[in-house]
There are 2 protein chains.
Amino acid sequence: METNGHCGGMTAEPGLRARKKAATRLALGHAAWSLMLERGLDAVTPESVAEAAGVSSRTFRNYFGSREEAIVDEWSRRHASLADAVRARPADEPVWDSLLAVLPRALTDIVGERADFAVLLRVISESPAMLAQNLLALDRTGQLLAEVIAERTGADADRDLAPRLLAGSVLAAVSTAATFWVTGGARTDLPDLLRECLDHLRAGLPTADLAPTA
Amino acid sequence: METNGHCGGMTAEPGLRARKKAATRLALGHAAWSLMLERGLDAVTPESVAEAAGVSSRTFRNYFGSREEAIVDEWSRRHASLADAVRARPADEPVWDSLLAVLPRALTDIVGERADFAVLLRVISESPAMLAQNLLALDRTGQLLAEVIAERTGADADRDLAPRLLAGSVLAAVSTAATFWVTGGARTDLPDLLRECLDHLRAGLPTADLAPTA
DNA sequence: CCGTTCGTTTCCATCCGTGCAACTTTTCCA
DNA sequence: TGGAAAAGTTGCACGGATGGAAACGAACGG
């Protein structure tokens, strides 16, 4: 199955075949993403995406099961980098410090232009299929985050509550911050927004703000 | 459009027509759910579900766009009761107290038999479509929770960070507790499990457990 | 009691997803 | 370096899913 049998190293260079495969997948995902931004979700058809990427529409279906999946693919790839960014921090650093050091900046890189992200949110709000794909991507990110958190804390991701709980909460913070960055016009600094959310999580969720007012 | 025009009250009784509609929807959802539990996901086809509910397969498609949607429908309905249960608490109670008082017991009612829930988790882990539908249901629950939290705290769900952040984190706690209730064999008391997660959230996510061990 | 509205059902045209087989490119081993 | 094996791409064709139109029947409103 694996094409590079001559080298047992984990990071063996991909080989021409794998590189082409990754390139076409990247081209398809990017084409789908661009098409959605420029002409809306309805313009994203297997035919148009395949033509923009220079392959046949049949090949498109070899890579993605739906247009939504193709659109979110680029997004999903960026999400995966979050966990890697945390893993790249010094191993003896407390997890919370790593998260606070990495996530605000990483999130900024992920979401890209505010206008583009606004378009994505609008499309998602109008298409259940897009929402579902986005939630799937978020869920995968949660798994990756839980794994790296478990690595760092010496916990077992399958037997301890803490890694999944923390990962899920951090994801809620990321999602909340990103949403408000676009919809809530007042605050415009995404890293600060996320830092605020994460601080609340670490210190205990805001109890002062959550007393009944009536 | 609305069948009961003679009465402007919000809680006007549904009328026979609406009740029948709700009944067939309930029957379809229940049939799909039962079929999945007894014979697995593959046995859940529009034809079999419709036959079990006593309607035509075309009617099935009038209610649900896919078999996964039908299966999760029952589940989604139970989820929605979470927000209502919180709303039923005294209005002057702090939100955290309401959540801790309601959620552990409500979650127990929702998940039902442990064996059934285990089957659901297994099916979800094997079917991306089922996972997507489950995540959609969870997302809807998050919206409802954020709304009721905003009501109780006097915050604006669209302009304040806290309600969404808290709702998302609570959802992470619910999901984590339910998952470990099934997979982690040691702890068998679901309410205690959820209480532990919620306590961690309220007090600030576990920092003692999250120091690097290496 | 009658006209209207709405839900269900049957039929049907259409489209999408998928498997298959042929062709091309890359890889591997002698 | 040559050639066989493996993997990817493409067009075709078929089954099933998808959604609309019209007929029928039940429920609503007066």
Side-chain angles (χ1 to χ4, degrees), chain A residues 1-9 12-32 35 41-73 127-130 132-133 136, chain B residues 1-9 12-32 35 41-71 73 127-130 132-133:
Chain A
M1 179 182 288
E2 188 53 54
T3 56
N4 284 53
H6 67 90
C7 181
E13 45 192 55
L16 179 56
R17 195 169 244 168
R19 262 182 297 160
K20 274 195 172 182
K21 208 165 145 62
T24 54
R25 184 184 182 92
L26 215 67
L28 284 170
H30 187 68
L35 263 170
L41 182 59
D42 294 334
V44 183
T45 68
E47 291 76 16
S48 59
V49 174
E51 185 185 358
V55 294
S56 73
S57 60
R58 182 68 181 84
T59 297
F60 175 88
R61 290 209 167 67
N62 282 342
Y63 282 88
F64 302 108
S66 66
R67 55 181 189 222
E68 289 85 4
E69 200 177 330
I71 294 173
V72 176
D73 185 64
S127 162
M130 276 294 297
Q133 285 297 327
L136 283 173
Chain B
M1 177 182 289
E2 188 52 52
T3 58
N4 286 52
H6 66 91
C7 181
E13 43 192 58
L16 181 55
R17 209 169 231 169
R19 263 182 294 161
K20 273 196 173 182
K21 207 165 144 63
T24 54
R25 184 185 181 92
L26 214 68
L28 283 170
H30 187 68
L35 264 169
L41 183 60
D42 293 336
V44 182
T45 68
E47 291 76 16
S48 59
V49 174
E51 186 185 357
V55 295
S56 73
S57 60
R58 183 68 180 84
T59 298
F60 175 88
R61 291 208 41 74
N62 281 341
Y63 282 89
F64 303 108
S66 66
R67 54 179 190 229
E68 289 84 5
E69 201 178 330
I71 294 173
D73 185 63
S127 161
M130 277 294 298
Q133 285 298 328

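Lettering of chains follows the sequences in order, A, B, ..., and the numbering in each one begins at 1. Just the heavy atoms: all of them, side chains too, but no hydrogens, waters or symmetry mates, feed the values below.
For A:K20, taking side-chain heavy atoms from C-beta onward, the closest of the listed nucleotides C:dT8, C:dT25, D:dA26 is C:dT25. Among the nucleotides D:dC28, C:dT8, D:dT9, the one closest to the side chain of A:Y63 is D:dT9. Of the candidate nucleotides C:dC11, D:dG11, D:dA27, C:dC11 has the atom nearest to the side chain of B:R58. The side chain of B:R61 approaches D:dT18 more closely than any other nucleotide in the set C:dT26, C:dT18, D:dT18.
Looking at every heavy atom in both residues, A:S48 comes nearest to A:L35 through OG-CD1, 3.6 Å. For A:A32 against A:A70, the heavy-atom pair with the smallest separation is CB-CB, 3.9 Å.
Atom CZ of A:R67 is separated from atom P of C:dC15 by 14 Å (rounded to the nearest Å). Summarising the geometry, the separation between CZ on B:R19 and P on D:dA26 is reported as 17 Å, rounded to the nearest angstrom. Rounded to an integer number of Å, the gap from B:F64 CZ to D:dT18 P is 14 Å. Between the CG atom of A:N62 and the C1' atom of C:dC16 there is a distance of 15 Å, given to the nearest Å. One can place CD of B:E69 at 14 Å from C1' of D:dT18, the figure rounded to the nearest angstrom. When rounded to the nearest whole Å, the span between NZ of B:K21 and P of C:dT5 equals 18 Å. For the pair B:E47 CD and C:dT10 C1', the interatomic distance rounds to 15 Å; values are reported in whole Å. Look at CG on B:L16: it is 18 Å from P on D:dG25, rounded to the nearest Å.
Here A:Q133 contributes atom CD and A:D73 contributes atom CG; the two are 9.5 Å apart, rounded to the nearest 0.5 Å.
The nearest heavy atom of DNA chain D to B:G65 and to A:S57 marks one nucleotide each, and the one closer to the 5' end goes with A:S57.
Side chain of A:T24 to backbone of A:K20: a donor-acceptor contact under 3.5 angstrom is found. Judged by distance alone, the side chain of B:R61 and the main-chain N or O of B:G65 form a donor-acceptor pair under 3.5 Å.
In this structure, A:T24 does not reach the D:dG8 phosphate: none of its side-chain N or O atoms is under 4.0 Å from OP1 or OP2.
You won't find any donor-acceptor pair under 3.5 Å spanning the side chain of B:R17 and the base of D:dC28, going by distance alone.
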